[in-house]
Amino acid sequence: MKVTLPDGKTIDLPEGGSAFDVARQIGPGLAKAAIGGIVSGGVVGDGNDGHVVDLHAPLQGDCHLSLLTTKDEDAESLLLLRHSTAHVMAEAICKLFPETKLAYGPPLEDGFYYDLDCPQVITPDDFARIEEEMARIIKEDRRFTRYDLDRSEAMSKLEGEGNRFKVDNAERAEGDVLSFYITGENRGTDFEDLCRGPHIPSTGRIGAFKVRQVSGSYYRGDVNEQQLQRVYGTAFFKKKSLRVWEQRLIEAQKRDHRMLGKQLDLFTISPDVGSGLVLWEPNGAIVRMMLENFIKAELILRGYKPVFTPHIGRLDLYRTSGHYPYYEDSQFPALYETDRGRMLLCLRNLVKRAQEEHAGPRQDEATGKVRIFATAIQSVFDDLTEFDPSADLENQRQVVEDALMHEEGYLLKPMNCPHHIHIYKASPHSYRDLPVRLAEFGTVYRYEQSGELGGMVRVRGFTQDDAHIFCTPDQVSDELRNTIELTQLVLSTLEFKDYRVRMGMRDPDSDKYTGDPKLWDRAEQQLRDITADMGIDATEEKGEAAFYGPKIDFVVKDCIGREWQLGTVQIDYSLPERFDISYVGTDNCDHRPVMIHRAPFGSMERFVGILIEHFAGAFPLWLAPIQVAVATISEKSLEYGRKVHDQLAEHGVRVILDSGSDKIGPKKHRLRAQKIPYILVVGENEAAEETVNINDRDGATMGSFPLANFVEWCFIEIQTKGRSRHESLTARERSS
RNA sequence: GCUUCUGUAGCUCAGUGGUAGAGCGCGUCCUUGGUAAGGACGAGGUCAUGGGUUCGAGUCCCAUCAGAAGCUCCA
């Protein structure tokens with residue numbers, strides 16, 4: 001058969017030849033380095049193009065082949081290596097904890113994990129033992145050996161082993177033949193695992209590895225399923241790569257906004273105030289204020305009208321919008337106005353708790369409490385006659401919820417849209433007024449699960465740079481374009497280049513969405529059209545839509561690679577319907593407007609959190625909490641230092657004077673640690689010449705320039721948000 | 001919410017069941033200095049909180065609160 005290589009050359013191979021044989025023909029070096037192949041254009045395995053195959057698997061006829069080698073730079077090679085390392089780790093864990101049942105162990109972008117069910121709790125203390133065991137397996141350089149069984153034979157083998165996860169995996173696998181990999185060559189005695197493969201040729205190819213962490217995971221990602229232990233690790237071909245990777249992790253952690261937030265006094269979160277509630281310290285507040293000022297100016301230019309609305313609203317408002325009680329679990333508890341309302345809520349919770357108990361004495365106790373409480377409400381309020389303590393719990397719950405439905409109360413607002421809709425409703429609108437664009441930095445509260453909270457990026461109270469656009473169906477495209485452009489402007493101004501755009505569509509199988517499917521289809525198509533038209537590379541993701549409409553999200557990664565949604569643009573045909581809002585058209589009839597929800601920053605908390613990491617705390621001049629520090633050489637230059645400070649302050653520059661008794665070296669060191677963009681050293685020479693000696697926070701010294709020039713350069717750099725920076729302020733050489 | 005880990009000075013962290021520690025930061029003094037850490041002295045602690053075991057608990061056990069990683073969720 002003919003095997004075509006990436007450079008176009010072809011190699012003749014006898015039937016049954018493998019990728020290894022190809023490598024050997026090319027050269028002994030390659031044969032030694034090869035660990036697998038990528039086959040395309042031939043009939044191999046399931047016939048998919050770009051299929052990775054075992055190095056020693058026979059090739060199935062003419063094909064294109066590129067060889068995978070022990071290169072840490074090659075993502076495919078690493079996936080192969082890490083998948084195999086997962087097997088090695090699984091074997092090590094099974095040896096140490098023989099009762100372990102393996103579930104699922106895939107490679108990841110930067111490592112691998114294995115989900116397993118083990119009666120003993122695996123803790124970081126066990127990692128050293130696991131690694132020792134793994135090192136032994138690797139030293140033995142055991143060959144990964146594949147064997148196939150037909151489905152029925154495989155199933156009875158797996159059922160015999162009594163591992164329900166593997167039986168389940170096998171049932172879900174496609175094809176009539178299931179494959180197993182032995183870590184070694186002795187079937188029956190060496191470790192083996194049901195596995196689709198492929199694998200590296202032998203364990204000896206694993207050059208460096210590390211067991212990283214352990215955590216819980218739900219089997220098949222289902223909260224109602226059994227919780228397994230997930231052990232994470234990573235692997236490389238070369239030891240040096242592992243060291244580089246570890247070093248990069250450490251570097252990344254230095255950018256962590258929680259760390260920098262403390263160091264630079266940007267924000268704090270106090271358990272005394274409440275978890276997930278951000279306290280902006282003066283330094284962080286300046287960054288936020290500058291961002292707000294920036295976008296406020298843009299909003300005025302783009303025809304937005306500022307509005308202000310309160311932090312709470314009536315429950316009925318959110319019953320209408322669909323937020324309550326649908327999102328009840330992720331909201332701070334409703335504030336019912338009457339004792340009856342509060343009691344009914346309490347009764348409802350008791351019923352819910354009873355429902356969650358499994359039948360038995362605990363449930364009997366819970367239903368007993370329900371009965372006592374219901375009787376109390378009935379006699380105290382002379383009410384709730386329709387409640388039947390002998391009815392089933394679901395029925396009881398329905399009765400209580402119906403009674404609750406008419407109770408008045410308030411909710412901390414989880415979204416700004418209902419308030420804005422009522423501003424729209426406050427006056428009649430004709431098609432001539434549209435689009436109406438109402439903008440507000442609106443603070444909303446959501447009771448996020450405790451395990452989700454993190455720094456500023458996932459919190460329970462946050463401020464959206466929110467606006468709602470009410471427009472005619474014809475205006476949707478233009479408005480979408482404008483809002484997307486505004487979001488792009490925000491990202492480019494803040495020098496974000498590495499972000500992705502996600503179109504969140506509805507999941508047709510879910511019941512969480514409101515509104516007419518035809519309008520959904522229309523809205524989704526409008527999103528596709530506008531991104532295509534604007535040349536935006538966007539991925540479509542099912543199930544990522546809001547309950548009222550599809551959306552476009554701008555997503556960035558934090559310092560440890562987790563993705564976060566910042567800006568968002570959402571089309572909404574549902575809420576206008578629910579709130580029955582309208583405008584008068586050219587035909588003098590009422591028509592339904594379309595709403596666009598949009599927030600270019602998303603939330604100020606999350607955005608600033610990500611921004612801290614993006615700049616590693618070294619904000620551009622226009623955002624820096626302290627823009628300039630004046631550092632005196634000695635008391636002899638103190639008077640001049642004051643003059644420099646005052647002159648900058650008069651020009652609106654945020655400047656501090658450091659006249660402490662440190663020598664200039666340590667003084668600069670401390671100011672640099674505060675990430676102040678410019679440090680002006682002033683001594684007797686500068687005082688005599690009315691100059692300042694300019695230094696930046698990275699350690700470069702730009703030299704001495706007249707004070708008046710520096711003031712002007714600073715002014716320009718601030719005004720242009722860093723797009724224009726005088727060449728004298730740009731370090732040509734870094735001293736570090 | 002679930003699993004695991006963690007909680008000691010303002011920050012970063014040591015600490016073997018037997019007197020509470022370091023570096024940085026902070027304050028005072030000496031030094032009046034020229035670009036990556038000068039010197040001396042000092043203040044600063046209910047060892048997250050509440051129970052328990054023990055002659056004795058920062059250390060062991062339980063609970064609560066908070067934080068981290070992952071899972072699940074995210075209007």
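Bear in mind that the values here come from a model prediction, so they are computed numbers and not experimental data. In the text below, chain A, chain B and the rest are named by the order of the sequence lines, each starting its count at 1.
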Can you say whether a donor on the side chain of [X] sits under 3.5 Å from an acceptor on the base of [N], or the other way round?
X	N	value
A/Gln229	B/G70	no
A/Tyr447	B/G1	no
A/Ser321	B/A75	no
A/Arg458	B/C74	yes
A/Arg212	B/A69	no
A/Asp222	B/U72	no
A/Gln449	B/U72	yes

Pairing pattern in dot-bracket form [Watson-Crick, G-U; both distances under 3.5 Å; | = partner strand] for RNA chain B: (((((((..((((....[..)))).(((((.......))))).....(((((..]....))))))))))))....

Partner of A/Tyr513 by ring pair (Phe, Tyr, Trp, His ring centres under 6.0 Å), out of A/Trp520, A/Tyr548, A/Phe547, A/Tyr573: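 With A/Tyr513 as partner, A/Trp520, A/Tyr548, A/Phe547, A/Tyr573 yield a single ring pair (Phe, Tyr, Trp, His ring centres under 6.0 Å), made by A/Trp520.
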
Nucleotide of [options] approaching [X] most closely (side-chain heavy atoms):
X	options	answer
A/Ile633	B/G34, B/U3, B/A37	B/G34
A/Thr123	B/G1, B/U4, B/G38	B/U4
A/Ile560	B/A69, B/U35, B/A75	B/A69
A/Gln331	B/A75, B/U4, B/G38	B/A75
A/Lys551	B/G70, B/G34, B/A75	B/A75
A/Ala546	B/U35, B/A75, B/A69	B/A75
A/Pro414	B/G34, B/A75, B/U72	B/A75
A/Ser215	B/U72, B/U35, B/A69	B/A69
A/Pro124	B/U4, B/A69, B/A75	B/U4

Distance test, side-chain N/O of [X] to OP1/OP2 of [N], below 4.0 Å:
X	N	result
A/Lys663	B/G34	no
A/Arg670	B/G25	yes
A/Ser275	B/A66	yes
A/Arg562	B/A69	yes
A/Lys668	B/G34	no

Donor + acceptor pair across side chains of A/Gln213, A/Ser215 (<3.5 Å):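 Checked: A/Gln213/A/Ser215 side chains show no N/O donor-acceptor pair below 3.5 Å.
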
Side chains of A/Glu440 and A/Thr309, donor plus acceptor under 3.5 Å: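 Judged by distance alone, the side chains do pair up.
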
Ring-base stacking, A/Tyr327 with B/A75 (5.5 Å, 30° cut-offs):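 Yes, A/Tyr327 stacks on the base of B/A75, since the ring centres sit under 5.5 Å apart and the planes are within 30°.
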
Please state the [atom1] separation for the pair [N] and [M] - nearest whole angstrom.
N	M	atom1	answer
B/C41	B/C55	C1'	40 Å
B/A68	B/U31	P	48 Å
B/G58	B/G18	C1'	13 Å
B/C11	B/U3	P	30 Å
B/C60	B/C24	P	30 Å
B/U64	B/C5	P	16 Å

Between P of B/G10 and CD of A/Glu281, the distance in whole Å: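 Between P of B/G10 and CD of A/Glu281: 15 Å.
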
A/Val214 and A/Thr123, any side-chain heavy atoms less than 4.5 Å apart: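 The answer is no, as the side chains (C-beta and beyond) never meet within the 4.5 Å cut-off.
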
Heavy-atom side-chain contact between A/Val307 and A/His420 under 4.5 Å: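 Of all side-chain heavy-atom pairs linking A/His420 with A/Val307, at least one is under 4.5 Å.
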
Sugar-phosphate, base or nothing in reach of A/Gly549, heavy atoms under 4.0 Å: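 Counting heavy atoms under 4.0 Å across all strands, no contact is made by A/Gly549.
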
Sorted by number, the residues of residues 250-263 of chain A with heavy-atom contact under 4.0 Å to RNA chain B: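 Close to the strand are A/Arg258, A/Lys262.
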
A/Arg82 charged N/C atom sitting above A/Phe112 aromatic ring, 6.0 Å / 45°: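 No - A/Arg82 does not lie over the ring of A/Phe112 by the 6.0 Å and 45° rule.
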
Face-on cation placement of A/Arg460 at A/Tyr445 ring, 6.0 Å and 45° thresholds: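 No; the conditions do not both hold, so A/Arg460 does not lie above the ring face of A/Tyr445.
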
Geometric class of the A/Tyr424/A/Phe470 ring pair [parallel <30°, tilted 30-60°, perpendicular >60°]: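 It falls in the parallel class, under 30°.
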
